[in-house]
Number of protein chains: 2
Amino acid sequence: MSQPSGPFFENMPADLLQELHRTGSLRTFAPGETLFYEEDRADQLLAIIEGRVRVWRTSPRGAAMTVHLLGPGALPGAAAVFGGMVYPAPPTAITDVRTLGWPIERAENMLQENAWLASSVLKIIAHRNEEMLQRLHEVSTQPVEQRVARTLLRVAPEPANFTPATRQELAELSATTLHTVSRIISRWEADGLVDAGRRRIRIADRSGLAQRADPVCG
Amino acid sequence: MSQPSGPFFENMPADLLQELHRTGSLRTFAPGETLFYEEDRADQLLAIIEGRVRVWRTSPRGAAMTVHLLGPGALPGAAAVFGGMVYPAPPTAITDVRTLGWPIERAENMLQENAWLASSVLKIIAHRNEEMLQRLHEVSTQPVEQRVARTLLRVAPEPANFTPATRQELAELSATTLHTVSRIISRWEADGLVDAGRRRIRIADRSGLAQRADPVCG
DNA sequence: GCCCTTCTTTGACGGATATCAAATTCAGCG
DNA sequence: CGCTGAATTTGATATCCGTCAAAGAAGGGC
């Protein structure tokens with residue numbers, strides 16, 4: 001078994017990693033499959049080992065938004081699990097995905113007995129909180145171009161500076177439409193800031209893009 | 001000492017309540033005072049016993065938004081405390097406020113030793129997560145009037161159906177301007193849905209307002 | 001290699017809301 | 001009881017961005 005990467009597994013003690021592998025149930029999902037359903041009782045802690053996942057939410061009327069794009073080391077629905085709630089938004093696989101899952105009782109026991117694990121999970125939840133807060137602030141106060149710039153900086157982190165997201169996904173993450181995103185990306189490409197393709201965007205000039213994300217304060 | 005109310009204290013075992021009072025440090029804040037500052041290391045768990053608090057965030061350029069309006073039983077900054085982060089947004093007192101605070105090490109110990117407490121705190125954090133997610137969705141997909149309606153339903157809960165919020169605060173919670181909020185409230189008042197005044201709004205027809213929050217699906 | 005689906009680009013247009021501006025009302029306080 | 005500053009209301013105007021429409025690319029499968 002290969003060492004999984006990402007926030008949850010990063011720096012994890014080897015013995016804990018082994019125990020997690022031993023006690024968790026491995027599942028695989030093909031692109032398009034749903035990991036769990038909104039409104040289901042959150043009875044299982046899930047960790048993504050490999051693959052990309054889109055977390056999305058729709059209103060009764062069908063207005064969709066992408067809540068997160070998650071990769072290895074993410075814990076979709078973790079807050080709901082420990083908060084005793086229903087899952088807030090369904091995650092669906094974009095690529096082939098492998099996950100490890102633990103029933104909620106076992107997860108709670110593990111957290112109680114292992115301080116490192118508890119702290120790691122809380123950090124991940126707190127980080128998600130902070131990210132949502134920031135996005136809320138952006139959507140409330142910033143014009144579209146800045147929001148898209150920030151979204152892109154977020155989903156194409158260093159050092160890869162790359163993301164396989166569609167325009168539609170970027171739009172939903174930025175609270176706008178794919179048309180507007182497309183126009184903006186085209187302009188940026190003409191300005192040499194990014195290098196775009198189908199389902200593919202690479203940041204060519206990260207500091208230039210950061211400028212667009214916050215024209216005044218750099 | 002009177003029994004404090006709100007999410008955190010609701011249904012709390014009497015002995016735990018006593019211990020919390022005994023070990024925590026009580027502080028008071030006058031209107032306008034700040035409970036803690038953004039960017040400070042989150043080294044203290046704070047619980048609001050009494051009073052109203054506005055949590056807000058500004059960008060370097062001054063664009064402000066109100067993140068939450070909190071009352072008794074809220075735990076401002078809790079996610080940051082347990083996630084080992086800095087406080088994400090400063091809470092300032094609107095009314096006279098009394099809080100109980102515990103240093104982070106003590107808070108962690110208490111949670112480790114008391115499952116009821118741990119579960120309660122996690123529920124509060126998870127609930128905040130869910131609320132932010134919902135607001136993000138609203139801001140991304142719904143027109144202004146619906147957003148304001150939902151905000152109002154949220155900040156003026158049953159049975160009081162009342163909130164002492166200003167138009168400006170409602171605007172920042174709804175990602176719009178006070179002008180737009182004012183126009184909308186005026187219209188609602190003419191339609192008999194609310195009963196508004198200075199720093200004061202009461203919902204007169206809750207189901208009618210819910211209609212405005214979601215015209216199609218009621 | 002060709003078709004067919006999915007994704008992307010681009011243009012024209014309209015409308016929901018922010019912005020600008022000014023008057024009005026209200027509450028607290030001396 | 002009038003003053004004063006804050007909160008609110010209302011109108012006119014401008015504009016960003018979503019909507020509508022249609023035409024390209026770019027893979028993927030057969």
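Per chain, numbering begins at 1; letters A, B, ... match sequence-line order. When reading the values below, keep in mind they use all heavy atoms of this one structure, side chains included, and skip hydrogens, waters and symmetry mates.
- Remark: the His179(A) side chain and the dT10(C) base include a donor-acceptor N/O pair separated by less than 3.5 Å.
- One can place CZ of Arg199(B) at 10 Å from P of dG28(C), the figure rounded to the nearest angstrom.
- OP1 or OP2 of dC7(C) has not a single side-chain nitrogen or oxygen of Thr166(A) nearer than 4.0 Å.
- The distance between atom CZ of Arg198(A) and atom P of dT5(C), rounded to the nearest whole Å, is 13 Å.
- Distance Arg200(B) CZ to dT25(C) C1': 14 Å, rounded to the nearest Å.
- For the pair Ser186(A) and dT10(C), the criterion of a side-chain N or O lying under 4.0 Å from OP1 or OP2 is met.
- Side chains of Leu193(A) and Arg212(A) form a contact here, defined as non-hydrogen atoms less than 4.5 Å apart.
- We find that Arg150(B) and Glu145(B) are not joined by a salt bridge, their nearest charged nitrogen and carboxylate oxygen being 4.0 Å or further apart.
- Put simply, Ser182(B) has no side-chain N or O that comes within less than 4.0 Å of OP1 or OP2 on dA7(D).
- Side-chain N/O atoms of Thr176(B) include one lying less than 4.0 angstrom from OP1 or OP2 on dA18(C).
- Going from atom CD of Gln142(A) over to atom C1' of dT17(C) covers 18 Å, rounded to whole Å.
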TODO: May I have the step-by-step check of side-chain hydrogen bond (donor to acceptor under 3.5 Å, both in side chains) for Arg206(A) and Asn161(A), ending in yes or no?
DONE: CA-CA 8 Å; Arg206(A) 206 170 173 93; Asn161(A) 283 321; 2.5 Å; yes
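- Phosphate contact (OP1/OP2 of dC17(D), side-chain N/O of Thr180(A), threshold under 4.0 Å): absent.
- Position along DNA chain D of the nearest nucleotide to Arg183(B) versus Leu178(B) favours Leu178(B) as the more 5'-ward residue.
- Note on Arg167(B): only backbone sugar-phosphate atoms sit closer than 4.0 angstrom, heavy atoms only; bases stay farther off.
- Pro76(A) has its side chain within reach of Ile48(A): a pair of non-hydrogen atoms, C-beta onward, lies under 4.5 Å apart.
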